[in-house]
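For reference, the structure discussed in these notes is given below.
FYI, the numbering just counts along the sequence from 1. Note that ligands are numbered from 1 as they come in the structure, with each ligand's atoms numbered from 1 the same way.
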Amino acid sequence: MNQLIARFPEQLKEALSIGRAATINPHSEALHNIYVAGLGGSGIGADFVNEFVRNECTIPFTIGKGYDIPATVGKNTLAIASSYSGNTEETLSSFEQIKTRGAKVVIISSGGKLIELAKEHGYDYIQVPGNWPSPRACLGFSLVQQLFVLYKLDLISEKTIQSVERSIDLLETEMEAIKADAKQVAERLDKKIPIIYTTDRMESVAVRLRQQINENSKMLCWHHVIPEMNHNELVGWRDHKEDWAVVYLRNADDHKRNAVRIDINKEIISKYADTIIEIYSKGNDLVEKAMYLVHYGDWITWYLSELHGVDSIEVDVIDYLKGELGKLG
Ligand code: PA5
């Protein structure tokens, strides 16, 4: 996993060249909304894209992480099915329903049934390299391809794609410093339950870190966002627990009221949690900052897996669950 994480900037470069070469045909109808179906490591890319384009894309963007699609998916929808393996049953179930609605369908996958179905039905598809042993390590492929699909259908300009390109330089320059800092953060999180807080415009980064802590480090973890958590979860902070560690993911340009909220939060929560960690992003815009924090977080989870002596790649329990469901047909 450390080798896969270290290749993240290189993956972004490869993803950009795959995206540039992809052919996405125009739809026969005007596009009024976007729907992305995808789970786990293949669903998180859509969370990022949704946040990255929200100040530019003028049509609603929704994400489905289950079996069924909403009534809003129809002939005026861009519907993207994203699954690294191409065999995730919830995504396949969504795809079967999408097929009946006359939507503009695009598949993003490394292979499996989804690519077979795209070929069979003549849908546009982008096939990403299949030789990565872990879907969650392929975040760069899935998020960049989704951006290209939106760009090629004239739903966004090239601005966000250019930001991804710039973030490669940032990550390459910062990687050694990030690794050193991430190792120290991991040491402070060892044997604790991490609780991640960030602001609402960056929830995808917090979700990503939570999922990576779950899957790479084999630990439980939760996250919430500010300001919403100020209206509920904050009230739950009443008891001192030694094993809680709070991580704030911050940005120098966070909304100024949210920055103050985080400062007050910290003051309240420090009465109940002994470990409070603040991580500030680097970068010039939302995309660069998010990519910086993703990479930082990925390294934290790898160092945590080393501290725990667990294999950061294996997700046997997910495979077991999928296998048991598979036996039922
Ligand atoms: O990281 C993982 O292995 C999982 O979160 C998978 O991404 C998830 O189970 C979905 O599988 P796929 O990405 O093949 O659709």
Rest of the hydrophobic cluster containing Leu328 (Ile/Leu/Val/Met/Phe/Trp/Tyr, side-chain heavy atoms under 4.5 Å)? none
Compute the shortest N/O to N/O distance between Ser82 and ligand 1 and return yes if it is under 3.5 Å, no if not. no
Of the choices Gly43, Ala37, Ser85, which has the non-hydrogen atom that lies closest to atom 14 (O) of ligand 1? Ser85
More than 12 foreign heavy atoms under 6.0 Å from CD of Glu324: is that the case here? yes
NZ/Lys113: more than 12 non-hydrogen atoms of other groups inside 6.0 Å: no
Atom 1 (O) of ligand 1: the protein heavy-atom neighbour that sits closest, reported with distance to 0.1 Å: Glu215 OE1, 2.7 Å
Would you say Thr91 has any N or O atom under 3.5 Å from an N or O of ligand 1, going by distance alone? no
Apart from Leu234 itself, members of its ILVMFWY cluster (side-chain separation under 4.5 Å) are Ile193, Ile195, Tyr197, Trp222, Ile226, Met229, Trp237, Trp244, Val246, Tyr248, Val260, Ile262, Ile264, Ile268, Ile269, Tyr272, Ile276
Taking only heavy atoms of Thr88, which atoms of ligand 1 are found under 4.0 Å from at least one of them? 10 (C), 11 (O), 12 (P), 14 (O), 15 (O)
Exceeds 12 heavy-atom contacts within 6.0 angstrom, atom OH of Tyr125: no
When you measure from the heavy atoms of Lys322 to every atom of ligand 1, does any distance fall below 4.0 Å? yes
Mind checking whether Gly41 has an N or O less than 3.5 Å away from an N or O of ligand 1? yes
Going by the atom numbers of ligand 1, which of them fall below 4.0 Å from some non-hydrogen atom of Ser83? 12 (P), 14 (O), 15 (O)
Do Arg54 and Phe61 make a side-chain contact, defined as non-hydrogen atoms from C-beta onward lying under 4.5 Å apart? no
Has Glu120 got more than 12 heavy atoms of other residues, nucleotides or ligands less than 6.0 Å from its CD? yes
Any nitrogen or oxygen of Ser134, main chain or side chain, under 3.5 Å from a nitrogen or oxygen of ligand 1? no
Would you please determine whether Leu39 falls within less than 4.0 Å of ligand 1 on a heavy-atom basis? yes
Only heavy atoms of Arg136, strictly under 4.0 Å: list the atoms of ligand 1 that pass. 1 (O), 2 (C), 3 (O)
Please list the nearest protein heavy atom to atom 13 (O) of ligand 1 with its residue and the distance rounded to 0.1 Å. Ser42 OG, 2.5 Å
Distance flag, aromatic centroids of Trp132 and Phe141, threshold under 6.0 Å: yes
